Each structure stands twice: as structure tokens, then as C-alpha cells.
Student: 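Quick one: this structure, given as C-alpha cells, is what I'll be asking you about.
Owing to the predicted nature of the structure, the values given are computational and were not obtained by experimental measurement.
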Amino acid sequence: MSDITANTAVPHQAGAERRQPPVATTGIVAWARMNLFSSWINTAVTLALGYLVVRWTIGFVDWAFLNAIWSVPVVNGQAQTQACREIKGVGACWAVVTEKHRFILFGTYPYEEHWRPLLVCVLFVALYIVSALRRFWNWRLIPIWVGTLTAIGILMWGGVFGLTYVPQERWGGLPITLILSTFGLAFAFPLAVLVALGRRSKLPAIKTLCVLYVELIRGVPLISLLFMASVMFPLFLPEGMNIDKLLRAQVAITLFAGAYLAEVVRAGLQTLPRGQYEAADALGLSYWQKTGFIILPQALRLVIPPLVNTFIGFFKDTSLVLIIGIFDLLTAGKTAIVEPAWQGFGIEVYITIGLIYLVFCFAMSKYSQDLERELNRHRRR
């Protein structure tokens, strides 16, 4: 059979060169012809938009880099911003970020102790990286979280190991944003899983409580919950009893995030084919064995994109704690330009803060894409 195949095969002609596919019908050139230059209207719109983008890019480079001022002299503790005001509208005054970066990042935390919130930010980033590694997705992750969060609390509060005590009212900036988002989502996710399971429970009392919780929380904005936690809740406490304002805000954010995440998890549970439940029952598994080993892993795998989208949304929503007087990253940035010498240079501060948010949000988005691709690899086979 091999001899017949060899004899009937078309011999390769000596000196014949392999031809490449035509550039005009494949690759980026074909895509551009089909989507950008398919007609004279599309061509005109493409060229006009391209001109505007190039012109805007050149103008932004001139403003942000070529004509920018990066530092200003300080005389008697006062920044001399005349040079920045002379080029206002022509060049950026990044000197406001150079001068106020500590306040933006750490708020009113004591200046000489800024190494502590800086180390806290590093610990948070390290905790995120370790938690993202699949080799730590076991019982070892629990002591890592407990130890890291304990160290963060010691660093921020102090009062032990020779560290100066710093009350919570002095905390601010990036550490507050990381604390609220990390603790909020860490506690909200298991709450969301329980609520999602409760909404599908066959016990009427549990199902009703879960439905009421989700509908009530989702029916009001986060600002109202923060306001109630900060202003209304202390009115119901016994006289002389007070709960830390940051803790009250943390609870409000956790409850709010839990309600939204519960609906995402419930969507994953409903998407799972009924056969998975029946197969688990046929194996004789208990409810918690079926849920923990078969149902939840598959359901969560299906809803990774909306889960991470919710995470990103709540990471940015932590800026709403401004209304109850907590200095998060955005609030610290707004306060930094209240000083008369720096008024009018808010764009530079907001761009800097936006880049910080972008780094964290893009990292979460990119990680979720890679995780979804890896966990769903078997579906493409």
C-alpha cells in the first residue's frame, strides 16, 4: 500500500518555490481593507479619525512631556508655582505630584511613619500575587492570608513592637483603598456563595431570607448604605458604645458586594446542566459533597468574567467612602490640591490617580482572562 501511495504521489518539482498567500486577502491588510477602507465613506471616516488621533497624541505628548514642569523651588516651606501658572494650558505641572505624592498615597498618616503604609501596600500586592498562583490554592493559603492581614493591622495601628500608635482617623490614601476592597471582597465572596445557594434552597425560610437580602441591598445605592452605616447605625447603639467608622464602612461594602456577587454565582449555578446534579445524586454524594466538589467548581468557572467585572467595579466604588469622611486614594488626591498654591492643577493629580486605578484593574482583568482560558481549556478540545 505504501508503494502504491509513493508511486501515485505527485513528485515535487525541483527548484519550485512555495508561494505565500496573497497579502491583499489575508492578515492585517485584508482586515484593514474590509473594515476601514471598504467604501469611500469608510475611507473618509478612517482618515479623519486617524488625523484627529495623531493630532491629539502629538498634543498630549507636548503637554505631558515636552513642555511639562517636573519640580518647582520651595521657599520657606511654600512651593513657588509661578512657572507652572505661566505654562498652564501649554504644559503639565507634574510638580504637584512630586510635591504631594506622599499625601496622595498615604493621606494624613504621620510623615515620619510613611514607611509603614508603604510596606502595607507592598504586602497587599504580594498577597495578591501569591493568591493568584494555583499552587497555593489549598489550605496553605489560609495561614498566609491570616498572617499577612495580621501584619498589616500591626503596621497600620502600631502600639506594639516599638511602633507608634496611629489612630484610624489618620489613615488614608492607597492603603485605605486596598483595605476596603480586599477585606470587602474577601468576606463578600463566601457570603455570596452561601446566599446564592440559599436562593436555590428547597427550604422556604432560607430562600425567603436570601431573596429579601439580595433585593433589599440591590435596591439601594451604595452611598445610602454608607450613610446609614456612618450616621444612622450609631443612633441604635447603647449610650457610650461606638464602633470604628472604618469598620462600619467595611461592613456596608461587604454586604453590598455580597448581594451583587450572589446573583453572579446564582447565574453560574443555573447555567450548569441538570445532568451534573443528577450524576452527583447517582453517586450517592451528600448535599455539601455534591456542591463543593462538583457543582460550585463548574459554576464558578463559567462566571469568571462577570465575577472579575464585579471585583473591578467594587475596587473603584471604594472612593464613595468620601461621603463619610474616610480618606481613600481619590479623596486624598482631591484634598492635596485644596492648598491655594496648587489650585488649578487637578488634571495632573487625577491622571496620576487614574493610572494607579488602571494598574490594579488591568491586572485583575488580564489575570481573569488567563485564568478563564486555562480552566476552560478542556472545552476547546
Student: Do you know which two heavy atoms are closest between V72 and A79, and how far apart they sit?
Tutor: CG2-CB, 4.1 Å

Student: Under 6.0 Å from the CZ atom of F227, do we count more than 12 heavy atoms belonging to anything else shown?
Tutor: no

Student: If hydrophobic clusters are built by linking Ile, Leu, Val, Met, Phe, Trp and Tyr wherever their side-chain heavy atoms come under 4.5 Å apart, do V53 and L47 end up in the same one?
Tutor: no

Student: Does the T208 side chain pair with the main chain of P204, one donor and one acceptor, at a distance under 3.5 Å?
Tutor: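 Flag set: sc T208 to bb P204 pair under 3.5 Å.
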
Student: Show your working on salt bridge (Lys or Arg N to Asp or Glu O under 4.0 Å) between E215 and R199 and close with a plain yes or no.
Tutor: CA-CA 11 Å; E215 298 303 327; R199 291 202 63 171; 3.8 Å; yes

Student: If you define the side chain from C-beta out and look only at heavy atoms, does anything of Q369 sit under 4.5 Å from V308?
Tutor: no

Student: If you count every heavy atom of other residues, nucleotides or ligands that lies below 6.0 Å from Y350 atom OH, does the total exceed 12?
Tutor: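 Yes, the 6.0 Å shell around OH holds more than 12 heavy atoms from other groups.
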
Student: For F136, does the CZ atom have more than 12 heavy-atom neighbours from other residues, nucleotides or ligands under 6.0 Å away?
Tutor: yes

Student: If the condition is side chain to side chain donor-acceptor pair (under 3.5 Å), which residues does N67 pass it with, not counting sequence neighbours?
Tutor: none

Student: Looking at F256 versus Y260, is the centre-to-centre ring distance below 6.0 Å?
Tutor: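 Ring-ring flag for F256/Y260: true, centres closer than 6.0 Å.
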
Student: Do W115 and L155 come within less than 4.5 Å of each other through their side chains, counting heavy atoms only?
Tutor: yes

Student: Is the side chain of Q80 donor-acceptor paired with the backbone N or O of V74 at a distance under 3.5 Å, no angle test?
Tutor: no

Student: Within the 4.5 Å heavy-atom criterion, are L149 and L127 side-chain neighbours or not?
Tutor: yes

Student: For the residue pair S224 and P221, what are the closest heavy atoms and their distance?
Tutor: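 So the minimum-distance heavy-atom pair works out to OG-O, 2.6 Å.
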
Student: Quick check for you: to the nearest 0.5 Å, what is the distance between K100 atom NZ and T335 atom OG1?
Tutor: 10.5 Å

Student: So if you build clusters from Ile, Leu, Val, Met, Phe, Trp, Tyr with side-chain heavy-atom gaps below 4.5 Å, do V97 and I351 land together?
Tutor: yes

Student: May I ask you to decide if R135's main-chain N or O and R140's side chain share a donor-acceptor pair within less than 3.5 Å?
Tutor: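 It does hold such a pair.
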
Student: So with a 6.0 Å cut-off around CZ of F65, is the heavy-atom count from everything else above 12?
Tutor: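 At most 12 heavy atoms, drawn from other residues, nucleotides or ligands, come within 6.0 Å of this atom.
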
Student: Go through the steps for F327 and F103 under the test side-chain contact (heavy atoms from CB on, under 4.5 Å), then give the verdict.
Tutor: CA-CA 10 Å; F327 272 58; F103 185 86; 4.3 Å; yes

Student: Distance-only, no hydrogens or angles: does the T108 side chain make a donor-acceptor pair with backbone N or O of R170 under 3.5 Å?
Tutor: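 Checking the backbone N and O of R170 against the side chain of T108, a donor-acceptor pair under 3.5 Å is found.
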
Student: Considering non-hydrogen atoms only, spot the tightest contact between L272 and A299 and give its length.
Tutor: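 Taking L272 first and A299 second, the nearest heavy atoms are CD1-N, 4.4 Å.
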
Student: Does any part of the side chain of F183, heavy atoms only, come nearer than 4.5 Å to the side chain of L246, both counted from C-beta?
Tutor: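 Not touching, per the 4.5 Å side-chain cut-off.
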
Student: Has K88 got more than 12 heavy atoms of other residues, nucleotides or ligands less than 6.0 Å from its NZ?
Tutor: yes

Student: Please check if the number of heavy atoms outside I347 that lie under 6.0 Å from its CD1 is greater than 12.
Tutor: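 For I347, atom CD1 is not crowded (no more than 12 foreign heavy atoms under 6.0 Å).
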
Student: Rounded to the nearest 0.5 Å, what separation is found between the SG atom of C121 and the CD1 atom of I152?
Tutor: 9.0 Å

Student: Can you tell me how far SG of C210 sits from CZ of R200, rounded to the nearest 0.5 angstrom?
Tutor: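 R200 CZ to C210 SG: 12.5 Å, rounded to 0.5 Å.
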
Student: I need the minimum non-hydrogen distance between A262 and A196, along with the two atoms involved.
Tutor: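 Result for this residue pair: O-CB, 3.5 Å.
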
Student: Yes or no on side-chain contact (heavy atoms from CB on, under 4.5 Å) for M228 and V220, after CA distance, side-chain angles and deciding distance?
Tutor: CA-CA 11 Å; M228 292 180 63; V220 296; over 6 Å; no

Student: Which heavy atom of S368 sits nearest a heavy atom of I304, and at what distance?
Tutor: O-CG2, 3.9 Å

Student: State, without any angle test, whether W145 and S131 hold a side-chain donor-acceptor pair at a distance under 3.5 Å.
Tutor: yes

Student: Assess whether side-chain contact (heavy atoms from CB on, under 4.5 Å) is satisfied between V321 and T177, documenting all intermediate values.
Tutor: CA-CA 9 Å; V321 295; T177 297; over 6 Å; no

Student: Can you confirm whether F360 sits close enough to Y128 that some side-chain heavy atom of one is under 4.5 Å from a side-chain heavy atom of the other?
Tutor: yes

Student: Sequence neighbours excluded, which residues qualify as side chain to side chain contact (heavy atoms under 4.5 Å, CB included) partners of I353?
Tutor: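 Per chain and number, I353 pairs via side chain to side chain contact (heavy atoms under 4.5 Å, CB included) with I104, L329, L330, V349, Y357.
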
Student: Roughly how far, to the nearest 0.5 Å, is the CD atom of Q343 from the OG1 atom of T81?
Tutor: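 Answer for the OG1-CD pair, T81 versus Q343, is 10.0 Å.
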
Student: I'd like to know if the side chain of W171 and the backbone of I326 have a donor-acceptor N/O pair within less than 3.5 Å.
Tutor: no

Student: For the backbone of E348 and the side chain of T352, can you confirm whether one donor and one acceptor N or O come within less than 3.5 Å of each other?
Tutor: yes

Student: Can you check whether T310 reaches L185 side chain to side chain, under 4.5 Å on heavy atoms?
Tutor: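 Of all side-chain heavy-atom pairs linking L185 with T310, none is under 4.5 Å.
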
Student: Which heavy-atom pair separates G325 from K245 by the least distance, and what is that distance?
Tutor: O-NZ, 3.6 Å

Student: Are any non-hydrogen side-chain atoms of Q250 and D244 less than 4.5 angstrom apart?
Tutor: no

Student: State yes or no: do I253 and V195 share one hydrophobic cluster built from I, L, V, M, F, W and Y residues joined by side-chain heavy-atom distances below 4.5 Å, directly or via other members?
Tutor: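 Yes; tracing contacts between hydrophobic side chains, which count when under 4.5 Å, links both residues.
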
Student: Only counting residues at least two apart or in another chain, list the ones meeting side chain to side chain contact (heavy atoms under 4.5 Å, CB included) with W56.
Tutor: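 Scan of W56 (side chain to side chain contact (heavy atoms under 4.5 Å, CB included), adjacent residues dropped) gives F60.
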
Student: Begin from the C-alpha positions of L178 and F315 and carry the test side-chain contact (heavy atoms from CB on, under 4.5 Å) through to its verdict.
Tutor: CA-CA 8 Å; L178 297 180; F315 178 78; 4.0 Å; yes

Student: How many angstroms lie between CG in L285 and CD1 in I294, if you round to the nearest 0.5 Å?
Tutor: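 Rounded to the nearest 0.5 Å, the CG-CD1 separation comes out at 5.0 Å.
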
Student: Quick one: is the NZ or CZ of R274 closer than 6.0 Å to the six-membered ring centre of Y277, and within 45° of its axis?
Tutor: yes

Student: Sub-3.5 Å donor-acceptor pair from the side chain of S365 to the main-chain atoms of C361, do we have one?
Tutor: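 Such a contact is absent between S365 side chain and C361 backbone.
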
Student: Could you check whether any side-chain heavy atom of I176 comes within less than 4.5 Å of a side-chain heavy atom of T318, counting everything from C-beta outward?
Tutor: no

Student: Step through the shown structure and confirm whether more than 12 heavy atoms of other residues, nucleotides or ligands are within 6.0 Å of CH2 on W40.
Tutor: no

Student: Any sub-3.5 Å donor-acceptor pair from E263's side-chain atoms to A259's backbone N or O?
Tutor: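 It does not hold such a pair.
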
Student: Is I179 linked to V146 within one hydrophobic cluster, defined over Ile, Leu, Val, Met, Phe, Trp and Tyr using a side-chain heavy-atom separation of less than 4.5 Å?
Tutor: no

Student: Treating T98 as the side-chain partner and S71 as the backbone partner, does any N or O pair qualify as donor plus acceptor under 3.5 Å?
Tutor: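 Pair absent, no side-chain N/O of T98 close to backbone of S71.
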
Student: Under a single-linkage definition using a 4.5 Å side-chain heavy-atom cutoff for Ile, Leu, Val, Met, Phe, Trp and Tyr, are L261 and L209 assigned to the same hydrophobic cluster?
Tutor: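 Different clusters: L261 never reaches L209 through Ile, Leu, Val, Met, Phe, Trp or Tyr contacts under 4.5 Å.
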
Student: Find the distance between CD1 (I337) and NZ (K334) and round it off to the nearest 0.5 Å.
Tutor: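 That separation rounds to 9.0 Å.
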
Student: For the pair N35 (side chain) and W31 (backbone), establish whether a donor and an acceptor sit closer than 3.5 Å, ignoring hydrogens and angles.
Tutor: yes

